[in-house]
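All values derive from a computational prediction rather than experimental measurement. Note that ligands are numbered from 1 as they come in the structure, with each ligand's atoms numbered from 1 the same way.
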Amino acid sequence: MARIDDLLLRVSDSQLRAELTSAVAEVRRTKDFGLVFESHLPETGRLPSHPVRRGVKVTERAKGEDSLYLVASINGPTAKLVPLRDADGIAIPAEEQTPVELSLTELVVVAEFGDPVYPGLRSVGSVRRGGDKPAHVVIDGENYHALEALQFTHAGKVDCIYLDPPYNAGRRDWKYNNNYVDEADIYRHSKWLAFMERRLKLAKRLLNPEKSVLIVTIDEKEYLRLGLLLEQLFEGAYIEMVTSIISAKGAYRRGHFSRVEEHIFFVSIGDAAVRPWVTNMLPSYRGVEDAEEEEDAAADDDLDPDEIVPEPIEWLGLRRREPSSVRGSRPNQFYAIFVNEQDGTLHSISHPIDDDVDRETVEVPEGTVALWPLKPDGAEMLWGLTPDVLRRNWAEGWARVNNWKPATKKGTVQYLPGGTIDRVHSGAITITGRASNGSVEGYVTPDITRGVTPKRVWHLASHNAETGGTNIVSALVPGRRFPYPKSLYAVEDTVRFVVGDKPDAVVLDFFGGSGTTVHAVMRLNRQDQGSRQSILVTNNEVSEREAARLTADGFGPGDPEWETIGIFQHVTRPRIEAAVTGMTHRGTPARRQYNYVDEFALSEGFEENVEFFELTYQDAAAIELDLAFEAIAPLLWLRAGAQGSMITSHSETGFAWTDRYGVLWDTDRWRAFISAAPDAATTAFIVTDSATAFTSVVSELPAGIEPVRLYENYLTTFAINQVEPD
Ligand SMILES: C[S@@+](CC[C@H](N)C(=O)[O-])C[C@H]1O[C@@H](n2cnc3c(N)ncnc32)[C@H](O)[C@@H]1O
């Protein structure tokens with residue numbers, strides 16, 4: 001309920017109250033200037049892991065958070081509670097606050113947004129295939145509080161935030177204060193805006209002010225209001241809106257235009273710029289006003305206009321074609337290439353055959369076919385490389401048999417010439433992976449100065465939410481459904497435009513859903529051997545239908561029966577694990593192929609690391625006394641770059657280092673701590689109450705190591721970072 005309504009309730013003169021209420025209603029009806037919304041709608045978050053103690057605010061576990069109590073005392077298994085808000089969220093005047101007694105098991109602690117909370121992380125698993133690359137981090141929790149935690153680890157350090165928030169479609173598709181928001185809710189738009197504004201204000205502090213981009217997808221329901229909100233929050237940034245066709249078939253609406261699109265806001269901060277790419281994103285458009293574009297379009301005419309057409313790598317035939325290159329004209333270039341008769345993969349390469357030896361007498365290993373450099377008329381020619389060079393190139397994936405036909409046992413031997421290999425080394429050609437025959441796959445890297453400028457309307461078949469989203473999710477977690485996954489390729493393209501040239505970018509998504517953003521960032525890394533890191537936050541919400549069924553069966557949030565079917569546990573985590581390992585949650589290889597700028601089997605997985613965490617809530621007193629180190633430990637590791645191992649508990653020596661960061665608990669040990677600092681160290685956390693002790697350790701620290709004072713810095717981060725409505 002709005003604050004003004006709360007204030008009106010406090011007017012004791014009933015006639016004056018009625019007149020004021022009607023005047024306020026009139027103002028609401030007639031005066032809307034720009035983006036007017038009720039930003040004082042209180043929002044609360046559940047802190048299920050927090051113990052119910054005297055002085056905390058609680059709500060009833062099985063009900064919405066609109067009712068709010070203050071715990072006055074704990075009496076064994078029950079608590080005496082002072083009601084602060086009723087079930088509709090209306091503030092209860094002090095004189096009407098009659099205490100009630102409820103069982104502790106019925107209560108859950110809540111924090112009103114604005115109350116300080118002290119977040120921590122609890123590890124709930126990991127998947128590691130990426131050596132010492134920074135890990136992607138996936139957090140199960142309320143995103144507002146996760147954003148607060150990230151203030152400690154990533155203030156000003158994030159290069160790109162990609163968000164696909166609830167669209168507020170009026171279909172009970174998102175919750176405010178644990179209650180679904182539907183069409184009948186008169187505060188529907190205000191709630192959505194207040195919800196977004198609080199989170200975007202925190203998100204803004206994470207973005208690198210020098211150069212970063214916030215991306216938000218949205219549809220017709222809120223795009224106008226979101227645009228104004230972004231203008232308001234990101235003054236001075238360059239804001240553009242792309243319209244993207246996500247289902248050309250269209251959603252039919254009687255008497256209206258069919259909906260085929262959604263929108264993507266790009267908010268570019270500092271020097272951020274959109275990077276040209278291999279397509280203008282609207283390949284079916286044939287411009288008449290731009291002659292050059294017409295030429296390009298004409299060249300593309302026989303291609304499927306909806307497909308991305310990156311320039312392919314050029315392979316050459318290995319058989320020499322010039323008439324002078326007949327057998328015998330040069331040494332060492334007439335030999336047999338033995339390939340598997342079923343699939344044409346390389347078996348071995350023979351030694352050069354002397355000129356006087358009949359090739360038919362050469363022994364062919366079982367199950368293979370010998371390929372010779374023969375013209376179609378049977379004339380014996382030479383191969384373009386000597387056997388030793390060809391063997392080396394084949395091992396690198398720079399040679400292949402193309403178009404192998406097992407029935408006729410024919411195919412063309414191809415190779416990459418030295419110039420092309422040099423372009424691979426220089427990055428002018430991007431290698432995206434290996435084909436099943438071991439040969440490299442990729443495309444000519446678009447030249448940033450000559451690439452194609454993307455348009456503001458996108459129409460690519462790969463961006464279809466069904467084929468690029470739902471089908472990928474079900475190939476990785478068969479039988480498990482997620483209602484709104486984005487197309488993997490759509491997220492990949494969107495993010496590529498802003499961090500395609502930054503192979504160590506940090507990309508955050510705090511409306512993570514099924515985990516598409518982590519998956520897309522891993523694909524980008526594979527395409528250019530990058531080590532971008534994604535951080536994804538999503539809650540463990542269950543669908544409305546499942547919540548109703550579980551409630552009827554007597555289960556509530558926090559019960560394993562409830563939690564195991566929440567989004568994070570049921571979809572996000574197993575989907576990301578399956579994407580990395582290539583194995584579904586059932587332990588079978590994932591079926592399907594990635595079928596975009598690169599083609600390879602989902603079952604190949606990715607050489608990446610992912611750590612999964614649950615957001616926890618700590619007691620400020622326990623932190624000050626250094627009793628909650630375990631819960632803070634992942635935040636220290638995250639702040640230091642999420643690379644390598646983690647310091648998870650106190651060390652008896654009074655300090656500890658990983659390759660990247662260290663913790664000093666006993667400031668008397670500062671000399672030993674500093675002399676043990678590894679070369680790659682980036683951060684030193686120093687636990688001390690004393691500003692003087694901190695300063696003296698810092699003065700001795702090698703340059704390049706950032707000093708952080710625990711827990712002073714941790715506690716002040718959360719005490720000061722409250723985003724109050726303006
Ligand atoms: C539209 S979906 C995002 C889908 C995602 N782009 C994908 O491809 O799977 C929005 C997600 O945000 C989550 N969410 C909504 N409110 C949240 C909150 N306050 N904290 C954390 N996650 C939230 C929902 O559970 C939902 O999974």
- So which protein residues pack against ligand 1 under 4.0 Å, heavy atoms counted? G141, E142, N143, D164, F195, R199, F482, Y484, P485, K486, F511, G512, G513, S514, T516, T538, N539, E541, I567
- Item | R199 charged N/C atom sitting above F195 aromatic ring, 6.0 Å / 45° | yes
Can you list the residues that meet the ring pair (Phe, Tyr, Trp, His ring centres under 6.0 Å) rule with [X], with sequence neighbours excluded?
{"X": "Y167", "result": "none"}
{"X": "Y489", "result": "Y596"}
{"X": "F265", "result": "none"}

- Does Y144 have its ring centroid less than 6.0 Å away from the ring centroid of F113? yes
- Message: I need the single residue from E142, E43, E112 that forms a salt bridge (charged side-chain N to carboxylate O under 4.0 Å, His left out) with R198. Which is it?
- Response: E43
